[in-house]
J.: 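Here it is, the structure in full.
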Amino acid sequence: LGLVDVDRSMRDFMELSDLEHHPLAHKYPVRLPVWWCRTGDSGPHPDVDGATGKTIVLRFEKKFGRIERIFARLMRAPHELRRPLLDKNSVLWELCNGKRTFSEICMLMNSTFHEEVSPVVHRTQAGIQVFIGLNVMRYVDKPEQVDWSTVPGVVPVGQNLVEQTAIDADVEPRDGD
């Protein structure tokens, strides 16, 4: 081990040892109602329920104004937006089921990706914050507060998404979803 590796390991240890005092440590990140699926082969992932390491794809219905709708029809624009997530964000998505605390998720991300997610608390919080900004995730204080579906393949109320056949979509719920 080089000096830089030892320094990084010490920083990670110190960050994780202080995790219990983080303001989000005992909050539960949870997916909001959005159509999502798993696709592709499994990559690195923790050995816990609901985590597969597969690529997560989110689908959103596009909302057009009157003039936009005319142009979309003329241009034959798609009526939905597909957003595939990168490997670490896919695992983070799977872990944020409303049943694991932020602290538990940080530990699982660290044990799975090690220095790739260093500093893990900061990187995990930043990843969840991006999901919150997309309005697909939030924090709750207790798992009992989650009274909506977090499973894959469910079209949220108010969205019109047609049946998906173009991608190899795995929408089978798993334990831990």
Side-chain angles (χ1 to χ4, degrees), residues 8-60 82-157 159 168-177:
R8 184 178 299 131
S9 295
M10 285 301 295
R11 252 193 337 259
D12 290 347
F13 172 76
M14 290 174 61
E15 182 186 36
L16 289 173
S17 66
D18 199 36
L19 180 58
E20 286 303 309
H21 302 293
H22 192 280
L24 297 173
H26 303 289
K27 299 281 188 182
Y28 294 82
V30 60
R31 305 179 285 260
L32 291 174
V34 62
W35 190 100
W36 66 279
C37 73
R38 296 174 173 97
T39 187
D41 297 326
S42 288
H45 62 281
D47 188 20
V48 295
D49 286 344
T52 65
K54 292 184 171 191
T55 299
I56 299 299
V57 178
L58 307 179
R59 288 174 59 211
F60 306 94
R82 277 191 219 140
R83 187 175 202 134
L85 304 179
L86 299 175
D87 59 346
K88 291 168 198 62
N89 283 334
S90 289
V91 171
L92 181 59
W93 178 266
E94 289 183 309
L95 293 174
C96 292
N97 60 2
K99 298 171 187 154
R100 293 183 185 93
T101 64
F102 175 78
S103 180
E104 292 169 311
I105 291 168
C106 286
M107 299 296 269
L108 290 167
M109 291 294 287
N110 187 62
S111 67
T112 303
F113 296 108
H114 312 288
E115 63 275 349
E116 291 179 60
V117 292
S118 180
V120 68
V121 174
H122 173 76
R123 299 272 304 267
T124 302
Q125 182 178 355
I128 292 170
Q129 202 55 48
V130 168
F131 287 136
I132 290 171
L134 292 170
N135 201 30
V136 296
M137 193 171 284
R138 65 180 282 203
Y139 288 102
V140 294
D141 293 321
K142 298 179 278 196
E144 299 81 37
Q145 291 176 289
V146 180
D147 60 356
W148 57 86
S149 175
T150 63
V151 298
V154 176
V155 177
V157 174
Q159 285 203 9
D168 176 29
D170 175 1
V171 294
E172 288 301 313
R174 289 176 169 66
D175 289 341
D177 279 344

J.: If you measure from OH on Y139 to CD1 on I128, what distance do you get to the nearest 0.5 Å?
T.: 4.0 Å
J.: State, to 0.1 Å, how close P46 and A51 come at their nearest heavy-atom pair, and which atoms those are.
T.: O-CB, 3.7 Å
J.: Establish, yes or no, whether a centroid distance under 6.0 Å links the rings of H26 and F102.
T.: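 Between H26 and F102, the centre distance exceeds or equals 6.0 Å.
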J.: Would you call R38 and E94 a salt bridge, taking side-chain N to carboxylate O under 4.0 Å as the test?
T.: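 Judged by the 4.0 Å cut-off on N to carboxylate O distance, R38 and E94 do form a salt bridge.
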J.: Between V117 and T124, is there a side-chain heavy-atom distance shorter than 4.5 Å?
T.: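 The answer is no; the side chains never approach within 4.5 Å.
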J.: I want to check something: taking the side chain as every heavy atom from C-beta on, are V154 and W36 in contact at a cut-off of under 4.5 Å?
T.: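 SC-SC contact between V154 and W36 ruled out.
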J.: Between C106 and V121, which heavy-atom pair has the shortest distance, and what is it?
T.: SG-CA, 4.0 Å
J.: Taking the basic N atoms (NZ, or NE/NH1/NH2) and the acidic carboxylate oxygens, is any pair closer than 4.0 Å for D141 and K27?
T.: yes
J.: Tell me whether R31 contacts the main-chain N or O of D177 through its side chain, where contact means a donor paired with an acceptor under 3.5 Å.
T.: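 Looks like yes, one N/O pair under 3.5 Å.
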J.: Taking the side chain as every heavy atom from C-beta outward, state whether F131 and L32 have any atom pair closer than 4.5 Å.
T.: no
J.: Taking the side chain as every heavy atom from C-beta outward, state whether H22 and Q125 have any atom pair closer than 4.5 Å.
T.: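 Answer yes - side chains close enough.
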J.: Would you call I105 and C96 a side-chain contact if the rule is heavy atoms closer than 4.5 Å?
T.: yes
J.: Do side-chain atoms of T112 reach the backbone of M109 as a donor and acceptor pair under 3.5 angstrom?
T.: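 The answer is no, because no donor-acceptor pair under 3.5 Å joins these two groups.
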J.: Cation-pi check, K142 to Y28: give yes when NZ or CZ is under 6.0 Å from the six-membered ring centre and within 45° of the ring axis, no otherwise.
T.: no
J.: CG of N110 to CD of E116: how many Å apart, nearest 0.5 Å?
T.: 11.0 Å
J.: Show the numbers, then the answer: is there a side-chain contact (heavy atoms from CB on, under 4.5 Å) between N89 and I56?
T.: CA-CA 8 Å; N89 283 334; I56 299 299; over 6 Å; no
J.: Do the non-hydrogen side-chain atoms of R138 and V30 ever get within less than 4.5 Å of each other?
T.: yes
J.: What's the separation between atom CG in L24 and atom CG in L19, rounded to the nearest 0.5 Å?
T.: 9.5 Å
J.: Working to the nearest 0.5 angstrom, can you tell me the gap between D170 CG and T52 OG1?
T.: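 Nearest 0.5 Å value for the CG-OG1 distance: 7.5 Å.
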J.: Under 4.5 Å between any side-chain heavy atoms of W93 and M137, yes or no?
T.: yes
J.: side-chain hydrogen bond (donor to acceptor under 3.5 Å, both in side chains), that's the test. Do T101 and E104 meet it? Break it down for me.
T.: CA-CA 5 Å; T101 64; E104 292 169 311; 3.3 Å; yes
J.: Flag the pair E20 / S103 as yes when at least one side-chain heavy-atom distance between them is below 4.5 Å, and no otherwise.
T.: yes
J.: Once rounded to the nearest 0.5 Å, what's the spacing between atom CD of E172 and atom SG of C37?
T.: 12.0 Å
J.: Can a salt bridge be assigned to the pair D49 and R174 using a cut-off of 4.0 Å between side-chain N and carboxylate O?
T.: no
J.: Between the side chain of S42 and the main-chain N/O of K54, is any donor-acceptor distance below 3.5 Å?
T.: no
J.: Are the side chain of R100 and the backbone of L95 linked by a donor-acceptor contact shorter than 3.5 Å?
T.: yes
J.: Do side-chain atoms of T39 reach the backbone of A169 as a donor and acceptor pair under 3.5 angstrom?
T.: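 No; judged by distance alone, with no hydrogens or angles, the pair does not exist.
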